[in-house]
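Just so you know, ligand 1 is whichever comes first in the structure, and atom 1 is the first atom listed for that ligand.
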Amino acid sequence: MKVGVIGCGFFAQNHLAAWQAIEEINLVAVCDQQKKLAEAAKTQFKAQQAYDKAEEMLANEDLDFVDIVTTPASHRCLVELAARYKKHVICQKPLAPTIEDAKAMVNTCQLAEVNLMVHENFRWQGIIQKAKQIINSGTIGDPFLAQISFRTGYNVYPNQPYLAGEERLVLYDMGTHIFDLVRFYMGEVSSLYAQTHQVNPNIQGEDAATVLLHHPKGTSVAAMNYVSEVEHDEFIQIPIRIEGSHGSLEIRRDYQLNVVSNKKLSSHYVPPTNYSWGSSLGGAIMESVVNIQRHWVECLNTNSEPHTSGADNLKTLALVFGSYESAEKNIVYHIQ
Ligand SMILES: NC(=O)c1ccc[n+]([C@@H]2O[C@H](COP(=O)([O-])OP(=O)(O)OC[C@H]3O[C@@H](n4cnc5c(N)ncnc54)[C@H](O)[C@@H]3O)[C@@H](O)[C@H]2O)c1
């Protein structure tokens, strides 16, 4: 399968390394409006061509799909460009700055009969998948409570300086991942209540948020921030605890997954697969990126819908934008 990657900045390095690791993939072209980044990616990841204009790449190359790893403001026009050229398309999260943009993108891809997947990689970490298998097996009974958090003092701004200028920060940038996990484990949400804070005075947006989400048969508590100073900073692992009618499970630091079922404890060590090239963000990120990109290839091969298709991701984005409305108006937000 021939892929063209658009955006060769910070996070694209992980996508590009993962494409190199997947045998079926031929990295035909890379594109970045900063030509030197496209040229560097071409050399490092052995692509055949480098471009600084996405439309030129699409017009010149015979691609099976494109992979968009640019910042969100450009996502809509690039996804719609890919659809015009009848190319299947992967797009990074957050899919779009507004729900209207996101819906339009999903609609355009449906009309063009191309697949759209949002690159929601967190659920593809091995330990997160293992926890899901345990829940599906019925070991802890019916889940009624999930606590999912991403609270870190890791300095995100040197790698992603644009985040400091975002008026909507942690719910938009990280909430997309965390709400995807909430839906992955606990199903759809009927209403939510959110509170946000700006702790770091040198940025524009909220850098701490706590959200209480109601499901038909349970509750989730999602907490996220970019400011916690704690003894063990767990970046980029995600502490998760899920309680059910017959037990509970907990993802702890150092890839420890503890399961209590009918009062008996079992402990599992589920470290990420280590890839030789590594990632500045750690093995769990690399593993999740390879896994989601393999999932995409399998979906194209079997003509099936990706788990985090554009249509699916609209439900995650509804929680992000709903949380902002809840926090701004101090109301319980009901999901339509
Ligand atoms: N899943 C994760 O863990 C994770 C982590 C970091 C970033 N991200 C996401 O990845 C995306 C990219 O973030 P980043 O930090 O790599 O940003 P970045 O600014 O480092 O890289 C984006 C690149 O896209 C290029 N670009 C922008 N518009 C373009 C266009 N129209 N045509 C061609 N090139 C264009 C820019 O020149 C830049 O080099 C964001 O959506 C971000 O949320 C995901």
Side-chain angles (χ1 to χ4, degrees), residues 4-18 29-42 44 47 49-59 66-82 85 89-97 101-102 105 117-125 128 150 152 154-166 168-181 205 224 226 235-238 272 279-293 296 308 313 316-317 320:
V5 174
I6 306 175
C8 300
F10 166 63
F11 201 71
Q13 307 308 307
N14 298 297
H15 288 228
L16 289 160
V30 286
C31 169
D32 196 295
Q33 62 193 10
Q34 301 177 63
K35 189 72 188 276
K36 64 176 190 313
L37 294 184
E39 290 292 353
K42 176 186 168 197
Q44 185 178 351
Q49 294 295 336
Y51 292 89
D52 59 3
K53 292 186 183 59
E55 176 132 31
E56 211 175 300
M57 179 179 89
L58 280 153
V66 296
D67 179 20
I68 297 168
V69 206
T70 61
T71 37
S74 56
H75 288 173
R76 179 170 175 179
C77 75
L78 291 170
V79 165
E80 292 183 345
L81 177 69
Y85 279 82
V89 54
I90 302 176
C91 184
Q92 251 299 338
K93 51 53 66 175
L95 181 59
D101 282 329
M105 292 156 79
M117 179 179 83
V118 181
H119 199 283
E120 258 311 338
N121 56 312
F122 275 30
R123 64 160 72 186
W124 288 98
Q125 288 186 25
I128 284 177
F150 189 97
T152 181
Y154 179 86
N155 187 3
V156 293
Y157 307 105
N159 285 330
Q160 298 174 273
Y162 58 89
L163 290 179
E166 296 279 3
R168 291 184 155 185
L169 178 57
V170 79
L171 280 166
Y172 184 53
D173 185 57
M174 184 49 61
T176 45
H177 290 307
I178 301 305
F179 294 146
D180 182 62
L181 292 179
M224 61 206 87
Y226 291 147
F235 187 85
I236 189 106
Q237 295 186 54
I238 304 149
S279 161
S280 61
L281 296 177
I285 281 290
M286 202 58 243
E287 170 189 61
S288 65
V289 171
V290 174
N291 287 346
I292 190 174
Q293 292 179 194
W296 166 258
T308 53
N313 194 255
T316 298
L317 279 180
V320 171

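Taking the salt bridge (charged side-chain N to carboxylate O under 4.0 Å, His left out) definition, one finds that Lys35 meets it with Glu39, sequence neighbours left out. Not a single side chain to side chain donor-acceptor pair (under 3.5 Å) links Asp32 to another residue, sequence neighbours left out.
Between the side chain of Ser74 and the main chain of Thr70, no donor-acceptor pair closer than 3.5 Å is present. Between the Gln13 side chain and the Cys8 main chain, a donor and an acceptor come within less than 3.5 Å of each other. For Thr152 (side chain) and Tyr154 (main-chain N/O), a donor-acceptor pair under 3.5 Å exists by modelled atom type. Using modelled atom types, no side-chain atom of Glu56 and backbone atom of Asp52 make a donor-acceptor pair closer than 3.5 Å. The closest donor-acceptor contact from the side chain of Asn313 to the backbone of Val118 lies at 3.5 Å or more, if one exists at all.
Under the 3.5 Å distance criterion, with hydrogens and angles disregarded, a donor-acceptor pair is assigned to the side chains of Tyr162 and Gln160.
Nearest heavy atom pair, residue Val66 against residue Ala82, reads CG2-CB, 3.5 Å.
The line from OG1 of Thr176 to NE2 of His119 is 12.5 Å long, rounded to the nearest 0.5 Å. In this structure, the separation between SG on Cys31 and CD1 on Ile6 is 5.5 Å, given to the nearest 0.5 Å. Here CE of Met224 is found 6.0 Å from CD1 of Ile178. Values are rounded to the nearest 0.5 Å.
Within ligand 1, the atoms closer than 4.0 Å to a non-hydrogen atom of Gly7 are 24 (O), numbered from 1 in the order shown. Close approach of ligand 1 to Pro94 (heavy-atom distance below 4.0 Å) involves ligand atoms 43 (O). For ligand 1, the atoms sitting less than 4.0 Å from at least one non-hydrogen atom of Ser74 are 28 (N), numbered in the order shown with element in parentheses. Residue Asp173 has at least one heavy-atom neighbour below 4.0 Å for each of these atoms of ligand 1: 43 (O). Using a 4.0 Å cut-off to heavy atoms of His75, the atoms of ligand 1 that qualify are 41 (O). Close approach to Thr71 involves these atoms of ligand 1, each under 4.0 Å from a residue heavy atom: 17 (O).
At least one heavy atom of His177 sits closer than 4.0 Å to an atom of ligand 1. In this structure, Glu120 has no heavy atom closer than 4.0 Å to ligand 1. Taking 4.0 Å as the cut-off, Ala73 does not count as a neighbour of ligand 1 on heavy-atom distance.
In this structure, atom 6 (C) of ligand 1 lies nearest to the protein heavy atom Gln160 NE2, 3.2 Å. Looking only at heavy atoms of the protein, atom 26 (N) of ligand 1 is closest to Thr70 CG2, 3.6 Å. At the top of the distance list for atom 1 (N) of ligand 1, counting protein heavy atoms only, stands Asn121 OD1, 2.8 Å. Protein heavy atom closest to atom 44 (C) of ligand 1, with residue, atom name and distance, is Gln92 OE1, 3.4 Å. Of all protein heavy atoms, the one lying nearest to atom 21 (O) of ligand 1 is Gly9 CA, 3.4 Å. Of the protein's non-hydrogen atoms, Val69 O, 3.7 Å is the one closest to atom 22 (C) of ligand 1. Atom 30 (C) of ligand 1 has Gln33 OE1, 3.5 Å as its closest protein atom, hydrogens excluded (heavy atom only). Here the heavy atom of the protein found nearest to atom 25 (C) of ligand 1 is Asp32 OD2, 3.3 Å.
When the options His75, His177, Met174 are evaluated for a side-chain contact (heavy atoms from CB on, under 4.5 Å) with Lys93, the one that passes is His177.
Proximity annotation for atom 19 (O) of ligand 1: of Phe122, Tyr162, Phe11, Tyr162 comes nearest, heavy atoms only.
Residue contacts with ligand 1: Asp52 is placed with no nitrogen or oxygen under 3.5 Å of a nitrogen or oxygen of the ligand (distance criterion only). Between Gln34 and ligand 1, at least one pair of N/O atoms sits closer than 3.5 Å. Below 3.5 Å of separation, one finds an N or O of Lys93 facing an N or O of ligand 1. For the pair Phe10 and ligand 1, the shortest N or O to N or O distance falls below 3.5 Å.
Under 4.0 angstrom from ligand 1, the non-hydrogen atoms of Ile6 all belong to its side chain. When non-hydrogen atoms are compared, ligand 1 lies under 4.0 Å from neither the backbone nor the side chain of Asn159. For Leu37, every heavy-atom contact with ligand 1 shorter than 4.0 Å involves the side chain, none the backbone.
Ring orientation note: the planes of Tyr226 and Tyr157 are nearly perpendicular, at an angle over 60° on the 30°/60° scale.
Between Gln92 and Phe11, some side-chain heavy-atom pair lies under the 4.5 Å cut-off.
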